[in-house]
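Data first, discussion second: the structure below is written as C-alpha coordinates.
Letters A, B, ... are given to chains in the order of the sequence lines, protein chains preceding strands, and every chain is numbered from 1.
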Amino acid sequence: MKSEPDEFSIDDLAAAPASRAPWTGIRNYQARNFMRDDMRVGDQAFFYNSSCPEPGIVGIMRVCRTAYADATQFDARSEYFDPKATRDAPRWLHVDVAFVRKMRWIGLAELRQHQVLADMRLLQRGNRLSITPVSAKHWKLILRME
DNA sequence: GCCAACGTTGGC
DNA sequence: GCCAACGTTGGC
(Lines give C-alpha, C1' and ligand atoms only; values in the text may rest on other atoms or scores of the structure.)
Protein backbone atom coordinates (compact mmCIF):
# COMPACT_ATOMS: atom_id res chain seq x y z
CA MET A 1 0.00 0.00 0.00
CA LYS A 2 1.53 3.26 -1.16
CA SER A 3 1.52 6.54 0.66
CA GLU A 4 3.26 9.79 0.05
CA PRO A 5 5.26 10.19 3.25
CA ASP A 6 4.68 13.94 3.25
CA GLU A 7 0.95 13.19 3.37
CA PHE A 8 0.92 10.22 5.68
CA SER A 9 4.07 8.46 6.88
CA ILE A 10 4.58 5.24 8.75
CA ASP A 11 5.52 7.37 11.74
CA ASP A 12 2.14 9.08 11.45
CA LEU A 13 0.51 5.67 11.55
CA ALA A 14 2.55 4.58 14.57
CA ALA A 15 1.64 7.83 16.35
CA ALA A 16 -2.09 7.62 15.58
CA PRO A 17 -4.52 6.65 18.34
CA ALA A 18 -3.98 2.95 19.06
CA SER A 19 -1.57 3.04 16.09
CA ARG A 20 -4.57 2.60 13.79
CA ALA A 21 -5.82 4.70 10.89
CA PRO A 22 -8.31 4.60 8.03
CA TRP A 23 -6.63 4.33 4.62
CA THR A 24 -8.56 7.25 3.18
CA GLY A 25 -8.43 8.88 -0.19
CA ILE A 26 -8.33 5.91 -2.55
CA ARG A 27 -10.08 7.05 -5.74
CA ASN A 28 -9.28 4.25 -8.11
CA TYR A 29 -11.75 1.41 -8.58
CA GLN A 30 -9.19 -1.35 -8.84
CA ALA A 31 -7.45 -0.25 -5.67
CA ARG A 32 -10.82 0.05 -3.95
CA ASN A 33 -11.79 -3.43 -5.07
CA PHE A 34 -8.60 -4.94 -3.68
CA MET A 35 -9.54 -3.50 -0.29
CA ARG A 36 -13.17 -4.51 -0.55
CA ASP A 37 -12.75 -8.00 -1.97
CA ASP A 38 -9.36 -9.24 -0.93
CA MET A 39 -8.39 -7.66 2.38
CA ARG A 40 -9.48 -9.23 5.65
CA VAL A 41 -8.76 -8.49 9.28
CA GLY A 42 -5.32 -9.79 10.16
CA ASP A 43 -3.91 -9.54 6.64
CA GLN A 44 -0.59 -7.80 6.49
CA ALA A 45 0.67 -5.20 4.06
CA PHE A 46 3.87 -3.42 3.25
CA PHE A 47 3.92 0.34 3.78
CA TYR A 48 5.45 1.82 0.62
CA ASN A 49 6.67 5.40 0.29
CA SER A 50 5.83 6.87 -3.11
CA SER A 51 6.32 10.23 -4.84
CA CYS A 52 9.30 11.06 -2.69
CA PRO A 53 13.10 11.20 -3.01
CA GLU A 54 13.52 7.62 -1.81
CA PRO A 55 10.57 5.48 -2.90
CA GLY A 56 10.47 2.05 -1.32
CA ILE A 57 9.18 -0.21 1.42
CA VAL A 58 9.57 1.11 4.94
CA GLY A 59 7.47 -1.12 7.16
CA ILE A 60 4.59 -3.45 7.80
CA MET A 61 1.00 -2.88 8.86
CA ARG A 62 -2.01 -5.05 9.46
CA VAL A 63 -5.62 -4.76 8.38
CA CYS A 64 -7.72 -4.19 11.49
CA ARG A 65 -11.11 -3.41 9.90
CA THR A 66 -12.62 -4.55 6.62
CA ALA A 67 -13.70 -2.05 3.97
CA TYR A 68 -16.34 0.59 4.74
CA ALA A 69 -17.36 3.94 3.29
CA ASP A 70 -14.67 6.61 3.10
CA ALA A 71 -16.09 9.64 4.93
CA THR A 72 -14.03 12.12 2.91
CA GLN A 73 -16.12 11.46 -0.21
CA PHE A 74 -19.07 13.20 1.48
CA ASP A 75 -17.11 16.20 2.74
CA ALA A 76 -17.35 19.11 0.32
CA ARG A 77 -14.32 20.70 1.89
CA SER A 78 -12.14 17.64 1.45
CA GLU A 79 -9.79 17.26 -1.49
CA TYR A 80 -11.27 13.76 -1.78
CA PHE A 81 -14.85 14.98 -2.08
CA ASP A 82 -16.88 13.17 -4.70
CA PRO A 83 -20.11 14.91 -5.67
CA LYS A 84 -21.43 11.72 -7.24
CA ALA A 85 -21.17 9.73 -4.03
CA THR A 86 -24.15 9.49 -1.70
CA ARG A 87 -24.58 8.02 1.76
CA ASP A 88 -26.89 5.41 0.31
CA ALA A 89 -24.53 4.60 -2.52
CA PRO A 90 -20.98 5.38 -1.47
CA ARG A 91 -18.44 4.95 -4.21
CA TRP A 92 -15.29 4.85 -2.16
CA LEU A 93 -14.31 2.46 0.59
CA HIS A 94 -11.25 1.83 2.65
CA VAL A 95 -9.94 -0.54 5.29
CA ASP A 96 -8.39 0.47 8.58
CA VAL A 97 -4.77 -0.44 9.15
CA ALA A 98 -2.67 -0.85 12.26
CA PHE A 99 1.03 -0.23 12.63
CA VAL A 100 3.04 -3.43 13.02
CA ARG A 101 6.66 -2.38 12.70
CA LYS A 102 9.16 -0.44 10.69
CA MET A 103 11.63 -2.21 8.42
CA ARG A 104 14.88 -0.98 7.03
CA TRP A 105 14.24 1.04 3.90
CA ILE A 106 14.19 -1.23 0.84
CA GLY A 107 14.30 0.99 -2.22
CA LEU A 108 12.81 0.38 -5.63
CA ALA A 109 16.16 -0.28 -7.28
CA GLU A 110 16.97 -2.94 -4.72
CA LEU A 111 13.58 -4.57 -5.14
CA ARG A 112 14.10 -4.67 -8.89
CA GLN A 113 17.39 -6.50 -8.50
CA HIS A 114 15.59 -9.66 -7.43
CA GLN A 115 14.49 -12.00 -10.20
CA VAL A 116 11.83 -13.47 -7.94
CA LEU A 117 10.15 -10.07 -7.70
CA ALA A 118 10.06 -9.50 -11.45
CA ASP A 119 6.38 -10.41 -11.57
CA MET A 120 5.40 -8.46 -8.46
CA ARG A 121 2.51 -6.15 -9.35
CA LEU A 122 4.07 -3.17 -7.63
CA LEU A 123 7.10 -3.40 -9.89
CA GLN A 124 5.30 -3.98 -13.16
CA ARG A 125 5.96 -1.47 -15.89
CA GLY A 126 3.31 1.22 -15.90
CA ASN A 127 1.77 0.18 -12.62
CA ARG A 128 0.23 3.16 -10.93
CA LEU A 129 -2.11 1.41 -8.55
CA SER A 130 -1.56 2.51 -4.99
CA ILE A 131 -2.74 -0.83 -3.65
CA THR A 132 -1.54 -4.09 -5.17
CA PRO A 133 -1.58 -7.70 -4.00
CA VAL A 134 1.60 -9.32 -2.70
CA SER A 135 2.02 -13.06 -3.14
CA ALA A 136 3.29 -15.21 -0.28
CA LYS A 137 6.44 -15.87 -2.25
CA HIS A 138 7.17 -12.18 -2.69
CA TRP A 139 6.26 -11.39 0.88
CA LYS A 140 8.70 -13.95 2.25
CA LEU A 141 11.52 -12.85 0.01
CA ILE A 142 11.14 -9.23 0.96
CA LEU A 143 11.18 -10.15 4.66
CA ARG A 144 14.42 -12.02 4.05
CA MET A 145 15.90 -8.92 2.41
CA GLU A 146 15.82 -7.05 5.69
C1' DG B 1 9.70 19.38 -15.07
C1' DC B 2 9.39 15.45 -18.22
C1' DC B 3 6.98 11.77 -19.86
C1' DA B 4 5.22 6.90 -20.12
C1' DA B 5 1.39 4.55 -18.84
C1' DC B 6 -3.06 4.12 -17.75
C1' DG B 7 -7.79 5.64 -16.04
C1' DT B 8 -11.85 8.56 -16.80
C1' DT B 9 -14.96 11.36 -19.33
C1' DG B 10 -18.16 12.43 -22.65
C1' DG B 11 -19.57 13.18 -27.52
C1' DC B 12 -21.12 10.52 -31.08
C1' DG C 1 -19.67 0.77 -27.44
C1' DC C 2 -15.93 3.46 -29.54
C1' DC C 3 -12.32 6.49 -28.98
C1' DA C 4 -10.14 11.07 -28.62
C1' DA C 5 -9.07 14.21 -25.23
C1' DC C 6 -7.81 14.98 -20.92
C1' DG C 7 -6.23 14.01 -16.11
C1' DT C 8 -3.37 11.49 -12.81
C1' DT C 9 0.41 8.81 -11.10
C1' DG C 10 4.95 8.41 -9.97
C1' DG C 11 9.79 7.37 -11.19
C1' DC C 12 13.47 9.77 -12.93
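For A/Lys140, there are no salt bridge (charged side-chain N to carboxylate O under 4.0 Å, His left out) partners two or more places apart in sequence or in a different chain. When the salt bridge (charged side-chain N to carboxylate O under 4.0 Å, His left out) test is applied to A/Glu146, the partners found at least two apart in sequence or on another chain are A/Arg101. Not a single salt bridge (charged side-chain N to carboxylate O under 4.0 Å, His left out) links A/Arg20 to another residue, sequence neighbours left out. Residues meeting the salt bridge (charged side-chain N to carboxylate O under 4.0 Å, His left out) test with A/Arg104, sequence neighbours left out: A/Glu110.
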Without placing hydrogens or testing angles, list every side-chain donor-acceptor pair under 3.5 Å for residues 42-51 of chain A, not counting sequence neighbours.
{"residue": "A/Asp43", "atom": "OD2", "partner": "A/Arg40", "partner atom": "N", "Å": "2.7"}

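Note: CD (A/Gln30) to C1' (B/dG7) measures 9 Å, nearest angstrom.
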Distances for protein N or O near nucleotides 9-12 of chain C N or O, under 3.5 Å:
{"residue": "C/dT9", "atom": "O3'", "partner": "A/Arg128", "partner atom": "O", "Å": "3.2"}
{"residue": "C/dG10", "atom": "OP1", "partner": "A/Lys2", "partner atom": "NZ", "Å": "2.8"}
{"residue": "C/dG10", "atom": "OP1", "partner": "A/Arg128", "partner atom": "O", "Å": "2.7"}
{"residue": "C/dG11", "atom": "OP1", "partner": "A/Tyr48", "partner atom": "OH", "Å": "2.9"}
{"residue": "C/dG11", "atom": "OP2", "partner": "A/Ser51", "partner atom": "N", "Å": "3.0"}

